[in-house]
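Note that these values count all heavy atoms, side chains included, but never hydrogens, waters or copies made by symmetry. Residue numbers start from 1 in every chain, and the chains themselves are labelled A, B, ... in the order their sequence lines are given, proteins ahead of strands.
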Amino acid sequence: MQYELVVIGGGPAGLAAALEARKEGIAKIVILERDKELGGILQQCIHNGFGLHQFKEELTGPEYAGRFIEMVQKEGIEYKLGAMVVSVNGEKEIAYVNAEDGLVTLQAKAIVLAMGCRERPRGALSIPGPRPAGIFTAGTAQRFVNMEGKMIGKRVVILGSGDIGLIMARRMTLEGAKVEVVAELMPYSGGLTRNIVQCLEDFNIPLKLSHTVTEIHGTDRVTGVTIAKVDANRKSIHGTQVTYECDTLLLSVGLVPENELSEQAGVEMSRVTAGPIVNESMATSIEGIFACGNVVHVHDLVDFVTKESQRAGAAAARYIQKRLTVSGESIHTEPKHGVRYVIPNTIDLSNVGESIELFMRVTDIFRDVKLVAMQDGKVIREVTKKHLAPGEMEKLVIPIKNILSTGGEITVMVKEA
Amino acid sequence: MKAQELICIVCPIGCHMSVEKKGEDYTVTGNGCPRGIAYTKKELTAPSRTLTTTVKISHSNFRRLPVKTSSEVPKERLFDVMEEINTLTVEAPIKMGDIILKDVLGLGVDIVSSKNMPRV
């Protein structure tokens, strides 16, 4: 079967990309979603705080998703549910399987990769000890509790203070569990300050910074978790161990873009973000394959996923209509001192309007510094920042008139103010 | 009275504020916008929160319907409201915005569906 655009993933990224492509005049679009409904991870994020940028109001996850699902249905954009994509290749052939259609191969003119990200599991942490039941990633627990209606434990220890861990501390408490402690390896929390207040302090849940799990107890089911303080090198300090009796350990220890399909298609990957290398149009190294949202780099706010995905959808449409420059000259972006990565990785100025937005994460906590973009030794944009943290994505808007089209790479760094 | 430290939770910026009570007046510093002052007063006199949770649902793809309170409820009543919500069971179809329970515990706040749940 032939499609102009195939979107892989029906979460916020896929929905926004499909809608934007339709707005640009693309008729034959299909969204392939492996869950029973559209909306992606938002459907289990029942708390509020979504949409402040996009809709200027505070929505819950399902409400935010619901607005996009309604638009997709109103536009009559086709979507397949329970549809697992099993292969994608560089010729833009996509094979998916679902109960209704069996194994189906589609031929697309353009593809948007919007598979999102996955949680880092226990195996990625090297915590010694047995493997009893009762160890969950925070997002898995969230799905069990909020969608499947299954309570997963009564006494809980949480490792990792990212937003999902904090949100689940509150959620488990409201549902009657006792959250003993949240342990965080780093000397600072990866979550939003307001979540520390309204998820932990509201319920008197202690947050132990510079602490990690050193031992899990129990054979059939978790019976306890030992945590210890860590030194500056993140090594546990002997003699600081405390054991908490509990039946559940939740892990909120980071997210990794889900790129098995991208790799299979042969898309060039970034070792830093674990996502595809993309240009200003969210185009990957394979012509006609675009990527957006958490599959490219993990975002803090869904509002920014939506915006990035709208750019990808619009660019895919222009590509299908042969209005996108694909072989033009590109300027590379490069993270330097204090910056871990910059997205997009390359910029083709002929596809850019008045200005280009660069997104980045820093490597550490910085106070009273400048975020600086330079080209050929000249500052092309700088912004003073009171506070920078690895947990918060930063943005630099560079006016196109500041960029020399024949110049060298654009470097982004943190400098003393 | 000595100054009290407070973190604003109105928006994701999370301003670190300092509050001092002089008689009936509060002096707030460190707030990024006027909403911080309003939040401080409310937080020190009658703290309240929006509650989001789930309700049992039948004839649906999933066994829980996400809901939220139509406005904030007093912080110390959160667990009472949870207990009340946990007694409910609804049947699909349910629309986003449907009122699941009116005026919960006489607090003047409704429990509202935050998702479309088609009947299956």
Rounded distance [0.5 Å steps], [atom1] in [X] versus [atom2] in [Y]:
{"X": "A:Phe203", "Y": "B:Lys75", "atom1": "CZ", "atom2": "NZ", "result": "8.0 Å"}
{"X": "A:Leu192", "Y": "B:Ile7", "atom1": "CG", "atom2": "CD1", "result": "11.5 Å"}
{"X": "B:Ser60", "Y": "A:Met147", "atom1": "OG", "atom2": "CE", "result": "9.0 Å"}
{"X": "A:Ile46", "Y": "B:Thr52", "atom1": "CD1", "atom2": "OG1", "result": "4.5 Å"}
{"X": "A:Thr193", "Y": "B:His16", "atom1": "OG1", "atom2": "NE2", "result": "5.0 Å"}
{"X": "A:Arg170", "Y": "B:Leu78", "atom1": "CZ", "atom2": "CG", "result": "9.0 Å"}

Segment of [X] engaging chain A (4.5 angstrom heavy-atom cut-off):
{"X": "B:Cys15", "answer": "neither"}
{"X": "B:Leu51", "answer": "side chain"}
{"X": "B:Asn61", "answer": "both"}
{"X": "B:Thr53", "answer": "both"}

Toward chain B, the part of [X] with a non-hydrogen atom under 4.5 Å:
{"X": "A:Glu37", "answer": "side chain"}
{"X": "A:Gln44", "answer": "neither"}
{"X": "A:Asp35", "answer": "side chain"}
{"X": "A:Tyr64", "answer": "neither"}
{"X": "A:Asp202", "answer": "both"}

Picking from [options], which has the most non-hydrogen pairs under 4.5 angstrom with chain B?
{"options": "A:Glu70, A:Glu201, A:His387", "value": "A:Glu70"}
{"options": "A:Asn195, A:Ile196, A:Thr173", "value": "A:Thr173"}
{"options": "A:Glu392, A:Gln198, A:Glu175", "value": "A:Glu175"}

Are there over 12 heavy-atom neighbours, none belonging to [X], within less than 6.0 Å of that residue's [atom1]?
{"X": "A:Glu148", "atom1": "CD", "value": "yes"}
{"X": "B:Lys95", "atom1": "NZ", "value": "no"}
{"X": "A:Glu57", "atom1": "CD", "value": "yes"}
{"X": "A:Lys154", "atom1": "NZ", "value": "no"}
{"X": "A:Phe144", "atom1": "CZ", "value": "no"}

Closest heavy-atom contact between A:Arg143 and B:Phe62?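 So the two residues come closest at NH2-CE2, 3.3 Å.
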Nearest non-hydrogen partners of A:Pro62 and B:Met96, listed with the distance: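 It is O-SD, 4.4 Å.
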Please test B:Thr54 against A:Arg171 for side-chain hydrogen bond (donor to acceptor under 3.5 Å, both in side chains), starting from the C-alpha separation and ending with a verdict. CA-CA 10 Å; B:Thr54 57; A:Arg171 187 73 190 113; 3.2 Å; yes
If you measure from the Lys or Arg side-chain nitrogens to the Asp or Glu carboxylate oxygens, is any gap between B:Lys68 and A:Glu58 under 4.0 Å?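 Looking at B:Lys68 and A:Glu58, the cut-off is not met.
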